[in-house]
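Labels below follow one simple rule: chain letters A, B, ... track the order of the sequence lines, proteins then strands, and each chain is numbered from 1. Atom set for the values below is all heavy atoms of this structure, side chains included, hydrogens, waters and symmetry mates excluded.
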Number of protein chains: 2
Amino acid sequence: MAAAEPFQRVNRESTAGLITRQLREAIMYGRIAPGAQLSEAALAAQFGVSRGPLREATQRLVQEGLVRAEPNRGLFVKELDDAGIRDLYAARIAVEAAAGRMIIRGRSPEAVAKLRAAYDAMQDAAERGELAELSDADLHFHEVLVDSAGSPRLHRMHQTLMAETRMCLTALQGTYQDPEDQVAEHRRIAEAIAAGDADELVEAVESHMQEALDRLVSDSAAAEAAAST
Amino acid sequence: MAAAEPFQRVNRESTAGLITRQLREAIMYGRIAPGAQLSEAALAAQFGVSRGPLREATQRLVQEGLVRAEPNRGLFVKELDDAGIRDLYAARIAVEAAAGRMIIRGRSPEAVAKLRAAYDAMQDAAERGELAELSDADLHFHEVLVDSAGSPRLHRMHQTLMAETRMCLTALQGTYQDPEDQVAEHRRIAEAIAAGDADELVEAVESHMQEALDRLVSDSAAAEAAAST
DNA sequence: CATCTGCAGATTGTCAACAATCCTGCAAGG
DNA sequence: CCTTGCAGGATTGTTGACAATCTGCAGATG
């Protein structure tokens with residue numbers, strides 16, 4: 001009957017899904033402080049729903065690792081200590097390097113094109129001095145990287161990691177590196193993929209993460225150096 | 001006061017947690033067939049709890065990816081098609097190779113010892129011809145591999161993947177390879193880590209997964225060959 | 001005879017109330 | 001002065017019932 005799908009499929013997202021998204025975003029951008037307690041009753045009232053769906057939403061966040069649940073105590077926004085940040089970036093290396101390898105194996109020209117477009121956007125933001133936009137473009141690059149691999153599982157893993165990364169950046173904002181370097185690091189990743197050089201790719205991803213890590217945990221660099229000796 | 005923690009911390013698992021574990025195990029070992037519908041009411045009655053906690057448990061499984069939820073329709077045990085199996089093993093390569101690299105970087109002798117013990121157990125089972133035990137030891141080796149990396153995030157990702165792997169093996173049991181080869185592949189992974197050879201490690205993990213993949217999707221090898229031409 | 005409409009059945013989604021558990025502060029006893 | 005016991009308040013954990021939604025079939029209609 002219908003010519004060519006003039007209507008998009010009605011896809012009402014579940015209440016729990018909506019709440020999950022809103023809560024996740026609030027946590028990601030630091031609107032809810034790390035360590036803060038989440039009261040079920042209060043949140044349910046704010047969202048205008050019962051505790052049932054809200055509970056479902058918070059449980060999802062618990063499993064994503066953004067929220068910690070203490071039995072009979074309450075829910076608390078997870079705080080990232082140095083070890084947590086290190087682990088986060090180690091996991092990102094695992095997922096993003098694997099995604100890059102998959103793209104190389106797939107030899108997809110459009111994936112390469114999308115990656116180049118992503119760092120072009122970064123370059124653009126950098127040249128205009130828009131640091132917030134640059135940060136968004138940065139994260140977007142990594143999303144494109146993993147999405148282009150076409151692996152549902154890697155994608156799902158990465159979503160959680162990106163939420164935590166954003167959380168991390170929000171908490172410790174103010175530690176910027178030279179925008180040009182930032183763009184160059186991403187270009188190196190994209191071009192390694194374009195060239196099909198897996199070893200160079202892994203190297204590029206690892207050094208990129210190390211760079212970010214150095215900025216994020218620099219506060220306690222002294223303490224860590226003491227601990228490692 | 002206490003000398004050296006003579007008592008382990010009392011940790012009563014939540015009802016939802018218990019149900020989640022039981023359901024996950026039932027799915028993993030095929031006691032609930034892939035594609036089967038999970039009725040909330042029926043399950044709640046079986047477990048002797050209300051629908052609340054049960055719902056919480058199923059939601060966790062949905063997010064782990066073992067169960068698919070169709071809005072207002074019901075819950076269904078996820079079926080793994082060839083693409084899904086391929087993706088599963090690609091994700092395992094990502095996680096396990098990364099875990100191996102982390103162990104190499106950490107230079108932990110006890111990790112190497114545990115890995116050797118794990119494949120010794122496989123060898124033992126293989127020599128006695130205990131195929132079921134060998135299969136368990138196989139999965140155990142991979143758990144040890146990821147656990148030894150000491151990364152909470154990799155560990156969590158891997159748990160889901162292992163559940164799906166078990167599901168996969170249960171569904172397609174009967175496709176065994178030569179036990180000696182099976183042990184040798186794991187030995188190769190462990191020894192690559194012991195030798196600190198990251199490239200050899202990645203190579204070993206990839207070929208191991210490819211081996212498993214070839215057995216699991218061999219049924220439709222013809223169809224796939226036709227599709228790829 | 002093919003097609004559409006309306007109803008029954010079953011299932012999930014949501015809610016408000018109840019029960020159990022846990023932390024806090026204070027007072028009594030050694 | 002320190003430990004122990006106890007109520008108060010608040011929070012989560014759980015329950016059973018109600019409302020909304022979807023599927024499949026019978027019956028009506030051209």
Side-chain angles (χ1 to χ4, degrees), chain A residues 1-2 7-23 26-27 32-79, chain B residues 1-3 7-24 26-27 32-79:
Chain A
M1 291 291 171
F7 298 110
Q8 60 178 325
R9 184 169 169 69
V10 52
N11 200 357
R12 218 171 346 168
E13 198 174 0
S14 76
T15 311
L18 282 166
I19 297 177
T20 305
R21 257 219 325 251
Q22 289 203 43
L23 272 180
I27 293 174
I32 304 179
Q37 179 167 15
L38 301 174
S39 160
E40 287 187 1
L43 285 177
Q46 280 188 301
F47 282 108
V49 298
S50 175
R51 274 180 52 213
L54 183 123
R55 217 177 141 75
E56 199 169 310
T58 55
Q59 290 296 336
R60 289 193 199 180
L61 294 177
V62 168
Q63 223 197 352
E64 283 183 23
L66 261 64
V67 168
R68 172 174 45 90
E70 293 187 20
N72 291 322
R73 289 291 312 281
L75 301 160
F76 302 87
V77 179
K78 218 176 210 176
E79 307 177 77
Chain B
M1 295 291 170
F7 298 111
Q8 59 178 325
R9 185 170 168 70
V10 51
N11 199 355
R12 219 171 347 167
E13 201 173 359
S14 75
T15 311
L18 282 166
I19 297 176
T20 305
R21 256 220 325 247
Q22 290 202 42
L23 272 180
R24 179 168 33 218
I27 293 174
I32 304 178
Q37 180 166 14
L38 300 176
S39 161
E40 288 187 3
L43 285 179
Q46 281 188 301
F47 282 107
V49 296
S50 176
R51 272 180 53 215
L54 184 122
R55 221 178 137 75
E56 200 170 308
T58 55
Q59 290 295 337
R60 291 193 197 180
L61 294 177
V62 168
Q63 222 196 351
E64 284 183 22
L66 260 64
V67 168
R68 174 173 45 90
E70 292 186 20
N72 292 320
R73 290 292 311 284
L75 301 160
F76 302 87
V77 179
K78 218 176 208 177
E79 308 177 76

Student: Could you give the distance from CZ (B:Arg60) to CD (A:Gln63), rounded to the nearest 0.5 Å?
Tutor: 7.0 Å

Student: Can any side-chain N or O of B:Glu79 pair as donor or acceptor with the backbone N or O of B:Ala33 at less than 3.5 Å?
Tutor: no

Student: Please produce a list of atom pairs where a protein N or O lies less than 3.5 Å from an N or O of nucleotides 10-12 of chain D.
Tutor:
residue: D:dT12; atom: OP1; partner: A:Leu38; partner atom: O; Å: 3.3
residue: D:dT12; atom: OP1; partner: A:Glu40; partner atom: N; Å: 3.4
residue: D:dT12; atom: OP2; partner: A:Glu40; partner atom: N; Å: 3.4

Student: When you compare the side chain of A:Thr58 with that of A:Val67, does any pair of heavy atoms fall below 4.5 Å?
Tutor: no

Student: To the nearest 10 degrees, what angle separates the axes at the start and end of the helix from C:dC1-D:dG30 to C:dG30-D:dC1, five pairs each?
Tutor: 10°

Student: To the nearest 0.5 angstrom, please state how far the CG atom of A:Leu54 sits from the OG atom of A:Ser50.
Tutor: 9.0 Å

Student: Would you please say whether a donor-acceptor pair under 3.5 Å links the side chains of A:Glu56 and B:Gln59?
Tutor: yes

Student: If you round to the nearest 0.5 Å, how far is CD of B:Gln37 from CZ of B:Phe76?
Tutor: 4.0 Å

Student: Round to the nearest Å and state the distance from B:Ile19 atom CD1 to D:dT14 atom P.
Tutor: 8 Å

Student: Under the criterion side-chain contact (heavy atoms from CB on, under 4.5 Å), which of B:Val77, B:Leu38, B:Leu75, B:Leu23 is the partner of B:Leu61?
Tutor: B:Leu23

Student: Testing B:Arg21, B:Arg24, B:Lys78 one by one against B:Glu64 for a salt bridge (Lys or Arg N to Asp or Glu O under 4.0 Å), which residue passes?
Tutor: B:Arg24

